[in-house]
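In each ligand, atom 1 is the first atom listed, and ligand 1 is the first ligand listed. Any value given below was found using the heavy atoms of this structure, including those in side chains, with hydrogens, waters and symmetry copies removed.
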Amino acid sequence: MSDDSIVSASAPGKLILLGEHAVVYGKPAIAIAIDKRFECTVFPDYTDTLNGIPIDYEHHPHIKYVVRKNSLANIGVETDSYIPSGSGLGSSGALSSALAAAIREYAGLPFDKKEIAKDAFEAEYYAQGKASPMDTSCCTFGRTVALNYPFDDMNELMTMEKNGKKWSISGSDAPDMTFVIGYTGIKASTTELVAKVKRYTDHSTFASDIVDEIEFVTIEGMKCIKRNDPVGLGKMMTEDHKLLSILGTSCNELNKLVNAALMHSYGAKLTGAGGGGSIVALTDEPEKVCEDIFLHGGLPFIVKPDTVGVRIEEPEQ
Ligand code: MEV
């Protein structure tokens with residue numbers, strides 16, 4: 001095996017500030033890429049492998065989609081991640097983006113973030129059964145990414161469409177505000193939570209009204225980001241958490257961490273699919289919020305935004 005047939009790419013995780021779940025129904029959402037990365041290395045192998053053992057594609061649908069889409073076989077994939085899986089911090093979005101980038105490079109295709117974002121979204125959709133391009137776009141483009149952003153102060157990057165839903169994808173720098181993550185340590189399945197919300201909205205106009213309320217709160221929160229108003233944004237984040245709880249996506253551990261974080265925060269909410277995973281808090285007192293989260297059983301860290309998105313990594317010498 002020659003060294004130039006080994007290709008690595010990495011992509012950042014993300015936190016969703018506002019709009020998760022509703023974004024699956026074409027509503028707006030906003031997310032920030034974070035400085036915890038997922039790296040994928042691909043290379044020729046005797047049979048398809050994942051981290052040194054023959055891969056069972058039924059258990060790894062994201063990888064199955066990207067490898068098969070490029071009609072590849074006899075390929076080894078190695079993964080290395082600083083994003084806990086099921087933490088709500090974009091591990092599957094970052095895997096999809098990093099793998100799509102590595103496989104495109106391996107197949108001799110040009111590095112093109114729009115194409116990578118499309119492949120990564122299709123992989124996520126295939127794996128989840130239903131998804132928005134929120135996570136995969138944020139992990140691909142990095143910085144701050146909004147879907148269906150209703151104002152004109154972000155750059156439109158691309159649009160995507162799937163099964164009658166349409167999303168315009170915009171990017172900007174991260175807001176000049178401080179966010180703290182609190183990880184519950186509980187793994188949650190995005191697929192199951194997205195399916196749970198779908199069952200609820202299919203059978204109840206009340207649930208669809210909640211999705212509309214999340215849209216309202218998200219747009220109000222975006223206005224607060226535009227005018228650099230952490231007090232207003234914090235209120236919208238906490239309100240969003242209440243709405244997400246009504247949709248059945250919170251749990252006791254998340255509520256406990258949200259309440260703990262609120263002691264020294266402008267606002268706090270679950271981030272990502274929920275059901276476990278993580279919360280995000282907006283604060284001017286990050287050390288105190290970290291302590292509050294830690295004392296209530298969570299694993300805290302202060303967010304450092306990612307500024308790069310997906311990238312090809314130099315092979316190790
Ligand atoms: C998960 O991080 C975000 C969800 O909105 C699902 C999706 O957008 O595909 C829950």
(message) Please work out, at 4.0 Å between heavy atoms, whether the side chain, the backbone, both, or neither of L193 comes within that distance of ligand 1.
(response) neither

(request) Report the part of K130 in contact with ligand 1, treating N, CA, C, O as backbone and CB onward as side chain, heavy atoms under 4.0 Å; options are side chain, backbone, both, neither. (result) neither

[X] NZ/CZ over [Y] ring centroid, <6.0 Å and within 45° of normal:
| X | Y | value |
| --- | --- | --- |
| K226 | F151 | yes |
| K235 | Y266 | no |
| K114 | F141 | no |

(message) Tell me whether H21 has any N or O atom under 3.5 angstrom from an N or O of ligand 1.
(response) yes

(message) Quick check: K14 and ligand 1, any N/O pair under 3.5 Å apart?
(response) yes

(message) Are W167 and Y149, when compared by the centres of their aromatic rings, separated by less than 6.0 Å?
(response) no

For ligand 1, which atoms sit closer than 4.0 Å to a heavy atom of [X]?
| X | result |
| --- | --- |
| A131 | 9 (O) |
| A273 | 1 (C), 2 (O), 10 (C) |
| I16 | 2 (O), 3 (C) |
| Q128 | 9 (O) |
| V23 | 5 (O), 8 (O) |
| E20 | 5 (O) |

(request) Looking only at protein heavy atoms, identify the closest one to atom 9 (O) of ligand 1 and say how far it is in Å. (result) S132 N, 2.9 Å

(message) Starting from atom 1 (C) of ligand 1, what is the nearest protein heavy atom, named by residue and atom, and what distance separates them?
(response) D135 OD2, 3.4 Å

(request) Ignoring hydrogens and angles, state whether a donor on the side chain of Y65 or D119 is under 3.5 Å from an acceptor on the partner side chain. (result) no

(request) State whether a side-chain donor-acceptor pair under 3.5 Å links S87 with S278. (result) no

(message) Using side-chain heavy atoms (C-beta onward) and a distance below 4.5 Å, is I116 in contact with S97?
(response) yes

Pairs under 3.5 angstrom only: tabulate donor-acceptor contacts from the side chains of residues 299-313 to other protein residues two or more places apart or in another chain.
unit_1, atom_1, unit_2, atom_2, d
D306, OD1, R37, NH1, 2.9
D306, OD2, V308, N, 3.0
D306, OD2, G309, N, 2.7
R311, NE, E313, OE2, 2.8
R311, NH2, E313, OE2, 3.4
E313, OE2, S10, OG, 2.5

